[in-house]
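Here is the structure we will look at, set down as structure tokens.
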Amino acid sequence: SGSGGDGGSAEADTLIVTSQAGDMQINFNPFSLSRIGGLGTIYEPLFFFNKAQVSDPVPLLGTEQAWNEDGTELAVTLREGVTWSDDEAFTADDVAFTFDMIKNNPSINNSGYDGVVEVVDDTHVVFSFEEPAFVKGPDLLSTPIVPEHLWQDVNPAEDVMENPIGTGAYTFKDFKPQAFTIEANPDYWGGEPEVKEVRTIALSGNQAGADAIAAGTADWITSPIPDIQNTNENFPNYEHYTQWQSQMVLSTCSSAEMGCEGPQTDPAVRHALYYAIDRSQLNSLAFQETAAEMSPTFALTPSQDEFVSDSVSEPVAPMEPDPAQAGQILEAAGWAKGEDGIYAKDGERLTLTVELVSGWTDYITAVDTIASQAAEAGIEIEAAQSSWNEWTEKKGTGEFQLAIDSLWQGPAPDPYYLYTYFFASAAGAPVGETAGNNYSRYSNPVVDEALDAIAQLPTDDAEARQPYFDTIHAEIVRDMPYIPVMTGGTTSIWNITKFSGWPSDEDLYAYPAVWSAFDMAEILKHLEPNG
Amino acid sequence: MTSVHVTDLVKDYKLREGLKRTRLRAVDHVSLELTPGRTVALVGESGSGKSTIAKILTRMERPSSGEVEVRLDDGTAVDGKAYRREVQMVFQDPFASLNPFHSIEHHIARPLLIHKRTRTKQETRERVLEMLERVNLTPAERIAPRRPHELSGGQRQRVAIARALAPGAQVLIADEPVSMLDVSIRLGVLNLLGRLQREDRLAVLYITHDLATARHFSDEIVVLYRGRVVERGPADAVILDPHHDYTKLLALAAPDPERPGGVAADTGSIDRDSIDNGVCYDHYTGQWRETGVPASEARERSI
Amino acid sequence: MTNPNPAAAPAADEAAERLAATSAEDGRPIRSGWRMLLPTMTPWLAVGLSLVVGITLFGLIGPFLVGDPEQIRDQGLTGPSGEFWLGTTQTGQDVLAQLAHATRGSLQIGFLVGVLATLLSAFFGIYGAYKGRFVDEAFSLLSNVFLVIPGLPLIIVISGFVPRESRGLWTIAVVLAVTGWAASARVLRAQTLSVRNRDYVAASQVAGERPWRVIMVEILPNLLPVIASQFVFAVIAAILGEAGLSFIGLGASNSSTLGTMLYYAQNGFALSLGAWWWFIPPGLIIAMFGTGLSIVNFSIDEIINPKLKNLRLHRKRARRAARLERQLTRTASADPEVSDR
Amino acid sequence: MTDAIPEPRGAEARPVLTVEDLTVVYEVDEPVTAVRGADLVLHRGEILGLAGESGCGKTTLAYAVNRLHRPPARIASGRITFHDRSGDDIDILALEDAELRAFRWEKLSMVFQGAMNALNPVATVRAQLRDTLLAHRPGMSKGAIRARSREVLERVGVDPARLGSYPHELSGGMRQRVMIAMAMLLEPQIMVMDEPTTALDVVVQRDILREIVRLRDELDFAVVFITHDLPLLLEISDRIAVMLEGEIVEFEAADRLYREARHPYTRRLLGSFPSLSGTRGAFIRDGGEPSETTEEQV
Amino acid sequence: MSYFLRKLGFYAIALWAALTLNFAIPRMLPGNPVDILLAKLQQRGGTVSPETREAYALLLGGDDSSPLWKQYFDYLGNLARGDLGVSVSYYPANVSDVISQSLPWTVVLVGLSTIIAAVLGVALGAFVGWKPGTWLDSLVPATTLLAAVPYFWLALILTYLLARVLGWFPLQGGYDVTLTPGWNAEFIGSAIHYGFLPALTIVLASIGGWLMGMRNMMVSTLSEDYILTAEAKGLSPRKIMRSYASRNAVLPSVAGFAISLGFVVSGSVITEQVFSYPGIGSRLLSAVQNNDFALMQGVFLFITLAVLGANLVVDMLYGVIDPRTRARS
Ligand SMILES: Nc1ncnc2c1ncn2[C@@H]1O[C@H](COP(=O)(O)OP(=O)(O)OP(=O)(O)O)[C@@H](O)[C@H]1O
Ligand SMILES: Nc1ncnc2c1ncn2[C@@H]1O[C@H](COP(=O)(O)OP(=O)(O)OP(=O)(O)O)[C@@H](O)[C@H]1O
Ligand SMILES: [Mg+2]
Ligand SMILES: [Mg+2]
């Protein structure tokens, strides 16, 4: 390439994506937090897990994987005939090297891998664990594999790998702080991809992303865009697609035992708020109709519907508000409406403060909206803006009442991960100490037990796992430590004139988001230039 | 009655020129005496240290060495706030010495109040009017509420004189009091000063460039050259019979239509660069006196 | 000359000081001090004042007349209409109501910063120059250092460290004031130096006035136009500065200012969506207020530097004089004997 | 004693500048007539003193003569004629811009009231001399410019080494001399000097006056010397014009004016100067004993 | 000479003050980079084990046990070696690398437009001041309005009109990213094309100040005696305007220019944000957003150094162009 006018869109087989965090600093180390790319495209994992829907892992460097009965050994068969892009052969030793390296470097061992890997022969490795480790499978199998012959002397925590060598469908081409390019790997084991080059350009912020689409200088962005409903008219070459993964909630500091203070420690208040929210209005005012309904069981709808317990009376949160119900719940719990229309109990007014991050305009709007909706139901909501790290710290230490937030998914389409992240006692802490992800400080031995039990079961043994999920659902719907709001949509806009093969409702082969590296790598392999 | 004794006054200014520091001796071992009822004129070219002496006498500058003693009749030394009462000053520029923001009354009332010369408002007002009348600013009631811009230069200078005398000053330092005024009103102001001096038996230091008025309005003339006194004596004696080269030069340079030769009068016979300020002629004793190293370079030294 | 002390002349080496000094010297007051402080009314000044007063009133009274600016409505992003004169935001909030509250917030910031910065600069500029010697050296060094330390980045860095919820109106105001006083301190210092050397200051010292009285009663009135002009500058700079900070997301949180309003408009893609009624008015208010203040400042400038005023006053007359003179030369050259006396 | 002062030379035959009925008005709110019907004849080689109190219009008159007055000042009436050495008469008020520029300095140069500030602070003496020369003698060679600059400086007693100096590096007296040198640069026929020595020391002032008189004698230009120091004027001028509120109230030979001033104002002016060498307490002419009356008059 | 020495002394003190301020600010205010980094990590998924936490603490050197004075001298020592620490958001890149990558963009864009604005403004101001009363006077209120408009607002509107509606300029970026940065005509042409709009906004926003300042000085200067003398000397108006009036009137603007260089980089924060322009301002902003304290400090330090350096140069220059300065020290 190297020629072309105002943007890469002129080059028919170059796909342009954006990174919206400003200028880049070269870093292709797949284990580095500040890597700018290369994960999935250059460095491949053993398998690809499609978070967008429940499906079997896609074999990449691994072709088969199997657990032993009690979940302490995982045997993986590796693909044959794969070479690194410097023409060295990929072997089981590389896999063993990668996992040993991770174990020896705690700062890159984000998933807490503690197994032992054994090379059986060139194409077979076995991971063994002391405890049943079924649920660690997805993390483990999505670990990017690096070449031993190049990484022997690499400090995986600090080196930036300016010249990344991997097995992936793409190889590194060039880097500028404002853009870097990867190009198709002609020797890729799966065949050279159709999209010959992929350029990531650095922009600053959402407006810049929207501008890039308007100017046609980007082919795929994942960020809010004005007037999204009319994308097709505004930008005829583009189409938008939304997937729902992040469950927006009002996190509460729910546990009085753990030291939480405020009305929200009363489950009735949390339920009342749950019914007070007008989710349809919220969707239109704050989220441009891009959010979707949400289940109080925190199983994603619709992709994880199969997990939802039959005993749950309300599988999805009501879209319309029900102030009457909210009032009943409160009154049953001893709250009484004051003269100003706000409930009170023992002289304490039902006033709650929501922590939010300034600058997150959709959430700010959402809280504004919720506040006026809650007022209808006799609950007073105040908003308090702070910086992201302040907000994080407040959640971490438990010094908050409510915080608008979103819960994220695990490495595989399995609600188990979300429950361990956000509902397990181990992830919480007393107020004043820093909690893990369980900011609500929810601590329920029944849930903990159920989670432990699930961890002992193979992830594909749905029948055995379901009773435990049922238990969890019953508990968390009753306690509601996180008040479900809606499932946030992740919207991508992509160029359908230049490329085809994008994920769709019919074929949702990956979760479409530019920043979700493995998914993006998978999508790149599926795309084809038109003409 | 108050007299001022200035002995061996020295004032050094520190000049900084980057890393080099030098000292400028603006006033070099000057001794003076101001006695009640007498006017001493201080003459000398620009930069000879006249104003510096005035500033030291009014305590706006501190002398580097030497003494300024102000004594009342009974011999008690005056100091502190009383000093400010006894020694007052009239400035050169009547346009600059009155604050445009304050009324004439304010200008005169302030010193009265500061020095607690009056007790009640009524009394203050009366004193102010009285002072204005003394300097011939009549009708005083009409002048008092005005602001400086409503007065002419000569009137302003009278206000300045009234202000100086308001606290009951016995010593008056007048630093070129008329040089900024129109020629036709200069004599008026000087005459006023002379009258007040006679009435109150003030001790006056009259600083000027103008030899002619120095001669006519003072009893004694002290000639200053580069910080040093080079000649002193009764006014007529100094002007009409100058001894020191510098005084001669000054006298020759001053315009005088009476003088034969006019502009052709040759001052060139006296070379300014070779004027010796190491000696001083004293008309009272009729003698020359050594006053220090006779070099003009002595003024600036590095330290 | 009574005060030819070159060493005490302002060791000015920069623009502001020299300008200030020259203008202070040749402005020998012919008019009374107090009257001198009042700018003469010109059509321009009238325009400027009405802009400033109008917007200030809008900020002061407006919030009582409009509805709740936070009120959310189902119909978002509608253009100006009879119900909502300036339309609504994305969430159906009344832009006019927001504008009124935001104007108040911005005015608050501007006023606070103006006062704080003026106090700081007056202290460091006037007091230092009056005391002279070491204090002056130290103070002017300090203000020079503050002058070269880049303000906005410093503010950004400081805001980065200040927790957001304490980053309220006051914090932002203090930060803006602390980084913004230096230039006016230098101007004030130069002015003070020239005023301090006037004879009436010496006269009041000789009369035995106390230093603070000399500063407050003798010196300060002469500095009022300069202080006023610096204050006006500080207000403009503060409002613009706050808007800039808010735009990059570092403004005063929990308080609504025109800057935050623009920030939301920008984040809500107001311009891309063609919602000019949301994006244009806040900026326009700032621009008009700033313009109004600048025009007021022109008039103050005329007090500080009378040459500017003479320029304006004489412009018309000068033209007339030139015209009359041309006529004269024409007639004179045509008929040498003619004279129009 | 006036015999040392040359009589007005050839007053009968050699006028160089005639001002007739000149009126200058400042077009301000209440128009100020700063010069009112002034009639003056300046003779070749004479020193004409212009005396009067502050604000009487001396400077205005001097500016108007060279048409240097700026709006709102305007010449309301009158004629100013320059009689060139060549014999041509130039009507100054009728000159076009370019002609006027060529006339200025070449024929008539000026030394201003604030001569201390009349030099461009950011240019060297050399550059300012050169500008002047080149403006009137375009194409003058570098060497010639240098030679001429050195020559004029030497003539006023300034070391030519000072050519490279900036004005602020010169003392007040030197600056004044440089200005005079500049005024002589083109050998004009008239030099107007507006209080050229006011800010200077008496001794320096005397030196400069002597210089002016000497140069006049050498180069034979006419001088209009403006000051309010009457004794000084009496010493150096051939003839003196006394101005009062814009009008020339008396125009006489210096010694006549001194002895038998006709106008009361002139007499009062004269009385304002005590004599240096006369008897103590006596004043020139009818100054008399210092009296309360004088005091009151202010 | 002494003038220069004095100036140098001043800059030494200013530099020291800036360094110390830079040292003090993060220590006076709360914030812990390790926590922030880890919170980011958690958001990307998974939980963080205590070991991971410790490992990061070690990497980032969150060791605050040594006495303050020692930290201070270590800090100065590190600076002297050019070691500004490690950027958290671009970990493990060095702060100095991050900065050196973006500095040229800012310097060229904002520096150039500042110079253009100053030169244009001063020239126009000189003209307006020289000929008061002409139509040029109407430039004054117009530029005042421009100066009172919030910069980003103006920039966004211009961008909307010129880039989006009319499509004359690219909306964002510093150059066509398909090109390789280098000294070739194509790249430079593209950089100019991309930089034009940002530059235009900067010039528009800042030209008014120059114009006003120069005009006022010009008016003051015109009443100086030396101007009158120059007229009396019969110099041509052009000559008087150039060598006499402007030459003197421009001096404060030159000094002001030094100060305004301080705003080169500060102003660039917003410009770069609006135009997604690569440069040090956007780095500073992303450092703030990511709580990258080391980078923040580094950028601030760099900006200060640049400002001091520019001021120093202009001061030295000023000493040359205004002969009086040297004498007055
Ligand atoms: N504050 C000062 N710092 C340094 N030098 C000073 C200061 N004040 C005066 N000088 C110097 O001291 C010398 C004497 O100054 P002074 O003002 O006393 O002279 P003067 O005789 O009053 O002159 P003039 O007739 O011009 O008023 C001069 O060389 C002057 O430059
Ligand atoms: N620009 C102006 N506008 C209005 N009036 C002016 C202006 N300049 C001078 N005048 C008035 O014209 C009159 C004559 O002024 P001019 O400067 O000629 O006096 P002068 O005799 O030179 O005084 P001085 O001795 O103070 O220099 C004065 O009354 C003055 O107020
Ligand atoms: Mg003096
Ligand atoms: Mg005059």
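Values reported hereafter were calculated over all heavy atoms of this structure, with side chains retained and with hydrogens, waters and symmetry mates removed. Below, chains carry the letters A, B, ... as their sequence lines are ordered, and counting in each starts from 1.
Across all their heavy atoms, E:Ala232 and D:Phe112 have their closest contact at CB-CZ, 3.9 Å. The minimum heavy-atom distance linking E:Asn248 with D:Val122 is given by the pair OD1-CG1, 3.5 Å. Contact detail for D:Pro121 and E:Tyr226: the closest heavy-atom pair is CD-CE2, 3.3 Å. Contact record, D:Asn120 with E:Ser243: ND2-O, 3.1 Å, taken as the closest heavy-atom pair. E:Gly234 and D:Ala135 get closest at one heavy-atom pair: O-CB, 4.2 Å.
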Full working for side chain to side chain contact (heavy atoms under 4.5 Å, CB included) between E:Thr229 and D:Met179:
CA-CA 10 Å; E:Thr229 311; D:Met179 261 325 284; 3.6 Å; yes
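Neither the backbone nor the side chain of D:Glu106 comes within less than 4.5 Å of any heavy atom of chain E.
Looking at residues two or more places apart in sequence or on another chain, you find a side chain to side chain donor-acceptor pair (under 3.5 Å) between D:Thr132 and E:Lys233.
Counting heavy atoms of neighbouring residues, nucleotides and ligands inside a 6.0 Å radius, atom CZ of D:Arg146 does not exceed 12 of them.
In terms of heavy-atom pairs under 4.5 Å with chain E, the best-connected choice from D:Leu185, D:Asp131, D:Asn66 is D:Asp131.
Separating the OG atom in E:Ser236 from the CG atom in D:Asp97 is a distance of 12.0 Å, to the nearest 0.5 Å.
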